[in-house]
Amino acid sequence: MVYLLCLIVFSIGIYGVLTQRNLIKIILSLAVAESAINIFLVLLGYRIKGIAPIDDGTAANFAGAAVDPLPQAMVLTAIVIGLGVLALSMVIAIRLYHRYGTYDITKIRKLRG
Amino acid sequence: MDPLPLLVAVPLLAGFVLPLAPKHRIRLTDFFALVTAAALVVLAIAALRQPDCAYHVGGWGPRAGGPPLGITLVLDGASKLMVLVIAVVTFAVILYSPSYMARFTGKRKFYSLFFMMVAGMNGVVLTGDMFNLFVFLEIASIASYALVAFGCQKQELEASFRYLVLGSIASYMILLGVGLLYAKMGTVNMAHLSSKIDAAGGLAGAGPVTEAGKASALLIFATTLFICGLGLKAALVPFHAWLPDAHPSAPTPISAMLSGLLIKAIGVYALTRVLFSVIGMAPESVVSSVIMTLGALSMIVGVFLAVGQWDFKRLLAYHSISQIGYVMIGIGLATPLGIAAGLYHLVNHAIFKSLLFLNAGAVEYRTGTRQLDEMGGLNKRMPVTGSTSFVASMSIAGVPPFNGFFSKLLIILACVQAGRWGFALAAVVVSVLTLASFMKAQKYGFFGKLKEKWQHVREVPTMMAASMILLALLCLATSALMFKGPRDFFLGHAQRSLTQRQRYVDRVMRPTTADARESTERMD
């Protein structure tokens with residue numbers, strides 16, 4: 001059920017990328033889609049009433065109680081990568097604004113596609 | 001010394017160290033870039049001489065009976081071949097870059113991004129871990145987005161933005177696919193995944209009734225995501241829209257790298273690796289048909305779009321889509337001959353397409369134009385560029401003594417052998433159209449009457465010429481892969497490493513505690 005929510009958020013992001021005309025809004029939509037995937041990854045490792053995956057010897061059934069740490073590690077990496085892409089896309093958008101004086105992609109059309 | 005981790009570490013280090021060089025000593029940076037590229041060639045050849053092996057980063061190898069704990073790098077036939085191609089083309093492009101990039105500011109940043117892209121590509125080729133594949137893919141992709149926008153002109157920024165948006169969506173699809181695989185199989189190690197998928201029955205037997213059926217349905221979804229995501233990186237036809245803008249817009253050395261290597265390393269090779277080594281693609285299966293259909297579509301659509309182009313680099317970009325189609329048909333066949341032929345064409349295309357882009361850049365460097373109808377008769381003033389571009393054109397069009405002929409012949413033979421007559425016919429027709437298109441490029445660009453305004457055009461500097469001659473010689477030399485000895489050494493080995501799934505699994509999963517490592521290497 002929660003996974004379905006992720007899919008919905010992801011779809012919202014993709015919908016935004018496809019329909020928005022403003023460069024900044026496209027970038028934000030990309031960020032929304034990316035967060036959806038990240039949440040999905042974190043949820044994969046989550047278990048209800050799970051404990052932090054740090055084995056200090058007090059938990060009786062550590063492997064059975066702790067949440068899965070691997071998706072968390074992967075999500076951290078994915079977030080950093082997402083940040084890099086986001087920063088680069090913002091820089092390109094700002095440069096585009098300097099060249100064209102607009103953020104509207106329908107007015108930025110030098111190439112034939 | 002194990003060359004495996006160095007193949008990723010050396011370009012990554014160069015990427016961060018080169019921009020530290022003093023600004024006024026730019027020749028020093030050029031020199032070190034060249035040394036790094038040469039070191040990569042040496043490492044790739046050293047890797048070629050090694051037996052197939054797996055390297056466990058940080059020593060987190062598998063304990064007895066268990067899966068590897070950390071990230072694994074795997075060296076086998078296919079990755080050896082790719083690493084060598086990447087190293088050789090990188091070397092040629094670096095040889096070409098100092099003179100060409102002199103008119104750009106920020107040459108050190110160019111080298112920095114360039115080597116990060118190379119590190120990413122080598123990583124994708126060598127990695128044995130799905131999530132690590134995603135990470136290296138992103139390293140290579142982000143560097144390439146930035147490099148497309150390097151000139152900061154209107155077209156470049158626009159092409160880069162489009163490429164970035166589409167590329168990011170592709171990356172999310174791949175990440176989602178990795179997540180789904182992890183959710184069902186509980187591992188991201190390719191070899192471990194492969195054995196678990198085999199145990200779950202693979203792609204066959206989809207259906208929501210049984211637990212295995214659910215796993216299989218999820219696997220189909222993940223496979224679709226990988227085909228879409230990696231297909232977009234490889235610019236297969238429904239996902240090709242970004243390529244004709246992005247590749248010509250970049251500075252020429254980067255166009256050569258993008259068209260010659262990037263779409264292959266992070267697109268075709270990654271897709272091949274995932275489909276064969278992880279998911280398991282059989283000949284005559286649905287996945288095989290999908291890949292072949294995508295390949296045929298790319299081949300046909302690409303060449304038709306290319307025929308009408310007058311911008312030299314844009315024409316080349318469309319031909320890249322078309323030639324990638326050939327590679328995908330060969331690999332999609334999934335028969336031993338098909339895979340070998342596909343890989344052969346991949347190698348050839350890497351060489352002649354990067355050469356063609358370097359030719360286009362050489363003409364632009366001296367005349368300042370990319371329009372074919374504005375050139376004319378340049379053979380007289382630029383003999384090296386003219387003759388090397390003739391070699392490359394004949395290679396891509398598939399004219400006998402050159403490498404393109406043999407790989408296309410093998411692909412067509414493989415199609416016929418598998419009984420796919422339609423694909424064989426399409427391959428022949430597209431080859432004829434490619435020839436027509438390059439006849440046009442040669443006629444308008446290099447033959448015919450020399451125009452008045454190009455009377456005083458000179459040949460390009462020695463380094464650029466040397467790089468083009470090197471690649472032109474390779475166009476002839478790779479024809480030798482047709483003969484039995486070299487063919488078996490390079491292509492046969494690569495093909496076996498993709499089709500023999502169990503051997504791939506054994507290589508990675510073999511327990512390698514410190515003392516067992518020596519025996520591991522001897523066993524291969």
Side-chain angles (χ1 to χ4, degrees), chain A residues 3 6-7 10 13-14 16-18 20 23 26-27 29-45 68 70-71 73-100 103 105 107-113, chain B residues 69 113 129-132 134-139 141-146 148-149 151-169 171-184 186-188 225 240-246 248-249 305 309 311 314:
Chain A
Y3 297 133
C6 290
L7 196 67
F10 184 65
I14 299 294
V17 172
L18 293 177
Q20 290 302 322
L23 286 181
I26 291 178
I27 295 170
S29 307
L30 270 182
V32 169
E34 198 224 333
S35 330
I37 308 261
N38 287 343
I39 294 169
F40 173 71
L41 282 178
V42 170
L43 278 176
L44 286 180
D68 186 351
L70 188 61
M74 297 202 295
V75 161
L76 274 181
T77 317
I79 288 173
V80 173
I81 291 172
L83 178 76
V85 174
L86 207 65
L88 182 66
S89 57
M90 280 295 181
V91 169
I92 294 173
I94 292 168
R95 286 286 198 153
L96 272 170
Y97 185 77
H98 284 178
R99 296 278 171 197
Y100 288 87
Y103 281 123
I105 50 162
K107 297 202 176 93
I108 302 173
R109 272 192 180 273
K110 266 277 184 186
L111 295 166
R112 284 158 288 171
Chain B
L69 298 173
L113 288 166
D129 180 289
M130 288 303 284
F131 188 73
N132 199 231
F134 166 75
V135 172
F136 279 126
L137 208 111
E138 281 299 86
I139 294 177
S141 300
I142 294 175
S144 70
Y145 306 148
V148 168
C152 277
Q153 294 304 309
K154 281 185 174 181
Q155 288 98 325
E156 289 155 10
L157 289 167
E158 191 190 339
S160 169
F161 192 79
R162 189 175 297 174
Y163 179 27
L164 185 145
V165 169
L166 289 174
S168 302
I169 291 175
S171 302
Y172 299 155
M173 284 182 179
I174 296 161
L175 186 56
L176 190 59
V178 175
L180 286 173
L181 282 183
Y182 180 75
K184 208 64 210 174
T187 178
V188 284
L225 286 171
H240 69 288
W242 57 272
L243 185 140
D245 291 336
S249 297
L305 289 172
Q309 296 297 325
D311 181 335
R314 217 174 159 78

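What you see is a predicted model, and the numbers here were worked out from it, not measured in a lab.
Interface residue A/Ile81: backbone and side-chain heavy atoms are both found under 4.5 Å from chain B. For B/Leu243, no part sits under 4.5 Å from any heavy atom of chain A, backbone or side chain. If you measure heavy-atom distances from B/Val188 to chain A, the contacts under 4.5 Å come from the side chain alone. Within the 4.5 angstrom heavy-atom criterion, only side-chain atoms of B/Tyr182, from C-beta onward, approach chain A. Residue contact with chain B, scored on non-hydrogen atoms closer than 4.5 Å, involves the backbone and the side chain of A/Val85 alike. Contacts of A/Tyr3 with chain B are absent, with no heavy-atom separation under 4.5 Å from either backbone or side chain.
Annotation for B/Leu164 and A/Ser89: closest pair CD2-CB, 3.4 Å, computed over non-hydrogen atoms. Considering every non-hydrogen atom in both A/Arg99 and B/Gln153, the closest pair reads NH2-NE2, 4.2 Å. The two residues B/Ala146 and A/Leu88 come nearest to each other via the heavy atoms N-CD2, 4.0 Å. For the residue pair B/Gly179 and A/Leu44, the shortest heavy atom distance occurs at O-CD1, 3.2 Å.
Using a 4.5 Å heavy-atom threshold, the side chains of B/Leu175 and A/Leu41 count as touching. Residues A/Tyr97 and B/Leu157 fail the side-chain proximity criterion, which asks for heavy atoms closer than 4.5 Å. Counting heavy atoms from C-beta on, the side chains of A/Thr77 and B/Phe134 never come closer than 4.5 Å. Here the side chains of A/Leu70 and B/Phe131 are not in contact, with every heavy-atom distance at 4.5 Å or above.
Distance check, rounded to the nearest 0.5 Å: CE of B/Met173 to CD1 of A/Ile37 gives 9.0 Å. Here the CG-OG distance, from A/Leu96 to B/Ser160, works out to 8.5 Å after rounding to the nearest 0.5 Å. Going from atom CD1 of B/Ile169 over to atom CG of A/Leu18 covers 6.0 Å, rounded to the nearest 0.5 Å. Here the CD-CG distance, from B/Glu158 to A/Leu23, works out to 9.5 Å after rounding to the nearest 0.5 Å. Within the model, atoms CZ of B/Arg162 and CD1 of A/Ile92 stand 13.0 Å from one another, a figure rounded to the nearest 0.5 Å.
Comparing A/Met74, A/Arg95, A/His98 by how many heavy-atom pairs each has under 4.5 Å with chain B, the most go to A/Met74. Between chain A and the residues B/Cys152, B/Ser141, B/Ala149, the largest count of heavy-atom pairs under 4.5 Å involves B/Cys152. Heavy-atom pairs under 4.5 Å with chain B were tallied for A/Pro71, A/Ser29, A/Gly84; the largest tally goes to A/Pro71.
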